[in-house]
Amino acid sequence: MTPGDLLDAARDLAYGGAPPRPEAHLRRAVSTAYYAVFHCLAGAAADAFVGSAQAAHPAWSRVYRAFDHRPTRNRCDDENALKRFGIPFELRRFAATFVYLQNRRHLADYKPYLNDRGREEHFDTSVVAADIAEAERAVETMAHAAAPDRRAFAAYLLFPERR
């Protein structure tokens, strides 16, 4: 399963049938778009530290599985720390997209009726399409980032700063 496979699944959920799409499909599309970005990040980190040709090696899986959603989100949400660590703008934008899509996934998966302000939340195709497009841009950004930048970003995310 690749980020591209997950993006295909998100598009299929959002647009794959006759309109209007059921809200459950739209919510799953948002969640799946987030997971495309999450798995993109995990794969890029494993490739950066172990090498893409080593995907069958236990070390590759160990790096891939090292990401935990909340700590990764918290580090992605710290713009000042990202800048201090020298993360380039494109990957800081990836980080912002990661945070945004994780928030959207929480709404989609855990708040079936209410948004963060306690108001009724409905998912519509145009907003979901924008979420999927953001995920596609993030995956593309990671694919085109320079290898040293991907490695630095992964190191920043995986290894907390000691005080």
Side-chain angles (χ1 to χ4, degrees), residues 1-15 26-111 116 123 127-163:
M1 173 177 64
T2 68
D5 295 335
L6 290 166
L7 288 169
D8 288 344
R11 284 187 291 271
D12 191 48
L13 285 162
Y15 325 122
L26 296 174
R27 287 173 176 268
R28 293 306 311 150
V30 168
S31 185
T32 303
Y34 163 75
Y35 277 104
V37 173
F38 181 83
H39 287 284
C40 169
L41 175 60
D47 289 349
F49 286 126
V50 182
S52 59
Q54 300 297 318
H57 193 281
W60 193 93
S61 293
R62 187 175 187 107
V63 173
Y64 190 99
R65 296 279 300 138
F67 285 93
D68 189 10
H69 296 274
R70 182 173 290 149
T72 302
R73 180 213 183 282
N74 291 344
R75 288 191 184 104
C76 282
D77 202 25
D78 190 342
E79 176 74 14
N80 290 329
L82 287 161
K83 285 180 182 178
R84 266 194 329 272
F85 205 77
I87 304 303
F89 173 78
E90 300 81 28
L91 290 176
R92 293 196 317 266
R93 184 169 180 214
F94 178 99
T97 300
F98 184 94
V99 170
Y100 169 77
L101 288 173
Q102 190 180 101
N103 289 337
R104 292 284 292 157
R105 180 185 73 92
H106 287 172
L107 278 177
D109 290 350
Y110 304 126
K111 297 190 178 193
D116 288 334
F123 283 66
V127 176
V128 172
D131 291 345
I132 293 169
E134 280 295 312
E136 290 168 333
R137 276 190 289 280
V139 168
E140 195 67 23
T141 294
M142 185 62 74
H144 289 97
D149 293 336
R150 287 194 309 266
R151 191 170 23 262
F153 186 48
Y156 163 77
L157 293 173
L158 286 173
F159 306 116
E161 187 174 22
R162 291 179 58 121
R163 305 220 181 244

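Positions are given from 1, in the same order as the sequence printed here.
The minimum heavy-atom distance linking Ala10 with Ile132 is given by the pair O-CD1, 3.6 Å. For Leu91 against Ala145, the heavy-atom pair with the smallest separation is CD2-CB, 4.0 Å. Taking all atoms of both residues into account, the shortest heavy-atom contact from Ala95 to Leu82 is CB-CD1, 3.9 Å. When every heavy atom of Ala36 is checked against every heavy atom of Pro3, the shortest pair comes out as O-CB, 3.5 Å. Scanning both residues, Ala44 and Arg150, for their nearest heavy atoms gives CB-CD, 4.2 Å.
Distance alone, capped at 3.5 Å, places no donor-acceptor pair between the Asp131 side chain and the Val128 backbone. Here the side chain of Arg73 pairs no donor or acceptor atom with the backbone of Val99 at under 3.5 angstrom. A donor-acceptor pair is defined here as one N or O able to donate and one able to accept, closer than 3.5 Å; no such pair exists between the side chain of Arg151 and the backbone of Phe49.
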Residues Phe85, Phe153; criterion side chain to side chain contact (heavy atoms under 4.5 Å, CB included); working and verdict: CA-CA 8 Å; Phe85 205 77; Phe153 186 48; over 6 Å; no
Intermediate values then yes/no, salt bridge (Lys or Arg N to Asp or Glu O under 4.0 Å), Arg28 and Asp109: CA-CA 8 Å; Arg28 293 306 311 150; Asp109 290 350; 3.0 Å; yes
Chi angles and distances behind the side chain to side chain contact (heavy atoms under 4.5 Å, CB included) call for Tyr100, Arg104: CA-CA 6 Å; Tyr100 169 77; Arg104 292 284 292 157; 3.5 Å; yes
Full working for side chain to side chain contact (heavy atoms under 4.5 Å, CB included) between Leu158 and Arg75: CA-CA 9 Å; Leu158 286 173; Arg75 288 191 184 104; over 6 Å; no
Worked verdict on Thr32 versus Leu13 for side chain to side chain contact (heavy atoms under 4.5 Å, CB included): CA-CA 9 Å; Thr32 303; Leu13 285 162; 3.9 Å; yes
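Going from atom OH of Tyr15 over to atom CG of Leu26 covers 9.5 Å, rounded to the nearest 0.5 Å. The distance from the CG atom of Leu157 to the CG atom of Asp68 is 12.0 Å, given to the nearest 0.5 Å. Going from atom OG of Ser31 over to atom CZ of Phe38 covers 12.0 Å, rounded to the nearest 0.5 Å. We find the OG1-CZ distance between Thr72 and Phe98 to be 5.0 Å, quoted to the nearest 0.5 Å. Taking CD of Glu79 as the reference point, atom CZ of Arg92 lies at 5.0 Å (rounded to 0.5 Å). Atom CG of Asp78 and atom NZ of Lys83 lie 11.0 Å apart (nearest 0.5 Å).
Enclosure of atom CZ in Phe159 by more than 12 non-hydrogen atoms of other residues, nucleotides or ligands within 6.0 angstrom is indicated.
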Listing, residues 134-143 side-chain donor-acceptor contacts under 3.5 Å, not counting sequence neighbours, or none:
unit_1: Glu134; atom_1: OE1; unit_2: Thr97; atom_2: OG1; d: 3.4
unit_1: Glu134; atom_1: OE2; unit_2: Arg137; atom_2: NE; d: 3.4
unit_1: Glu134; atom_1: OE2; unit_2: Arg137; atom_2: NH2; d: 2.6
unit_1: Glu136; atom_1: OE2; unit_2: Arg11; atom_2: NH1; d: 2.2
unit_1: Glu140; atom_1: OE2; unit_2: His144; atom_2: ND1; d: 3.2
unit_1: Thr141; atom_1: OG1; unit_2: Arg137; atom_2: O; d: 2.9

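Identified under the side-chain hydrogen bond (donor to acceptor under 3.5 Å, both in side chains) test for residues 33-42, with sequence neighbours left out: Tyr34-His69, Tyr34-Gln102, Tyr35-Arg105, His39-Tyr64.
At least one side-chain heavy atom of Phe94 sits under 4.5 Å from a side-chain heavy atom of Cys40.
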